[in-house]
Amino acid sequence: MKKNCATILIATIVLILDRITKFIVQQTMSEGETIPIWQDIFSLSYIQNEGIAFGFLADYGQLLVVTTTLIIGIIVFLLFRLKSINYWTAGAFGLVLGGAMGNLWDRLSVGGVIDFIDIGYKDYRWPAFNLADASICIGVFMLLLTKKEK
């Protein structure tokens, strides 16, 4: 049960940090605005993305809400169903859960995900993302690295 609490704690921290950063962006920037932070490598760019990565599935907002809700439900189910879970896996689930909740919050409240982290060099840019996206990616990567316990 302690490990389930670790998952919930990590998910809560991710959700709070995600909400705070998105709130700051919404309050201090206009949509489409870019603020250079470090040369041409790192900027803050306020974008509302109605799809998923790269704007893919932008016309499927309701499907994305349902899919994200299912993912959250599956993670919560697994947390209470798995007999033993190590802290690594608990942390990974927490990162994915918190990120999914953060992006779901956006979809339900503003109709798309608020992205603002802009990394690249000159015309070669990675699509803007947010802390929830980063959290999900790190959590999934951690799950892929998880060894199967016997």
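Every salt bridge (Lys or Arg N to Asp or Glu O under 4.0 Å) that Asp118 has, sequence neighbours left out, goes to Arg125. For the salt bridge (Lys or Arg N to Asp or Glu O under 4.0 Å) test, no residue two or more places apart in sequence or in another chain qualifies with Asp115. A search for side chain to side chain contact (heavy atoms under 4.5 Å, CB included) contacts involving Val140 returns Val96, Ile136, Leu144, not counting sequence neighbours. The side chain to side chain contact (heavy atoms under 4.5 Å, CB included) search around Ile71 returns Thr67, Ile75, not counting sequence neighbours. Residues satisfying the side chain to side chain contact (heavy atoms under 4.5 Å, CB included) test with Leu70, not counting sequence neighbours, are Val66. Scanning for side chain to side chain contact (heavy atoms under 4.5 Å, CB included) contacts around Ile74 gives Leu78, with sequence neighbours left out.
No hydrogens or angles considered: nothing links the side chains of Asn4 and Thr7 as a donor-acceptor pair under 3.5 Å.
For the pair Asn130 (side chain) and Ile114 (backbone), a donor-acceptor distance under 3.5 Å is present. Asp40 contributes a side-chain N or O that, together with a main-chain N or O of Lys122, makes up a donor-acceptor pair within less than 3.5 Å. Looking at Ser135, its side chain does come within 3.5 Å of a backbone N or O of Leu95 through a donor-acceptor pair. Proximity of a side-chain donor or acceptor of Thr89 to a complementary backbone N or O of Ile85 within less than 3.5 Å is not detected.
Neither Ile41 nor Tyr124 shares a network with the other; the hydrophobic side chains, linked directly or stepwise wherever heavy atoms of I, L, V, M, F, W or Y lie under 4.5 Å apart, form separate groups for each. No continuous path of ILVMFWY side-chain contacts below 4.5 Å connects Phe23 to Met101, so the two sit in separate hydrophobic clusters. Residue Trp38 is grouped with residue Leu131 when hydrophobic side chains (ILVMFWY) are merged at heavy-atom distances under 4.5 angstrom, including chains of intermediate members. One hydrophobic cluster, built from ILVMFWY side chains closer than 4.5 Å, cannot hold both Ile47 and Leu44; they sit in different ones.
Atom CG of Leu97 is separated from atom CD1 of Ile10 by 10.5 Å, given to the nearest 0.5 angstrom. Rounded to the nearest 0.5 angstrom, Trp126 CH2 and Ile119 CD1 are separated by 10.0 Å. To the nearest 0.5 Å, the span separating CD1 on Ile117 from CG on Asp133 amounts to 8.0 Å.
The neighbour count for Phe42 CZ, taken as heavy atoms of other residues, nucleotides or ligands under 6.0 Å away, is above 12. Heavy atoms of other residues, nucleotides or ligands lying less than 6.0 angstrom from OH of Tyr87 number more than 12.
Other members of the cluster containing Ile24 are Ile16, Ile20, with ILVMFWY side chains joined at under 4.5 Å, either directly or via other members.
Ala132 and Gly99 make their closest contact through CB-O, 3.3 Å (heavy atoms, listed as atom of the first residue, atom of the second, distance).
Annotation: side chain of Gln48 is not in contact with side chain of Val113 (no heavy-atom distance under 4.5 Å).
The side-chain hydrogen bond (donor to acceptor under 3.5 Å, both in side chains) pairs that include a residue from residues 10-26 are Asp18-Lys22, Arg19-Asp106, Lys22-Asn103, Lys22-Asp106, where partners are two or more places apart or lie in different chains.
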Could you pull out all donor-acceptor pairs under 3.5 Å where a side-chain atom in residues 30-37 meets a protein atom, sequence neighbours excluded?
unit_1 : atom_1 : unit_2 : atom_2 : d
Glu33  : OE1    : Ser30  : N      : 2.8
Thr34  : OG1    : Ser45  : OG     : 2.9

Self-check item: side chain to side chain contact (heavy atoms under 4.5 Å, CB included) between Val76 and Phe93, worked out
Solution: CA-CA 9 Å; Val76 171; Phe93 278 145; over 6 Å; no
Practice problem: Quick one: do Thr28 and Tyr46 satisfy side chain to side chain contact (heavy atoms under 4.5 Å, CB included)? Show the steps, please. | Solution: CA-CA 10 Å; Thr28 60; Tyr46 180 5; over 6 Å; no
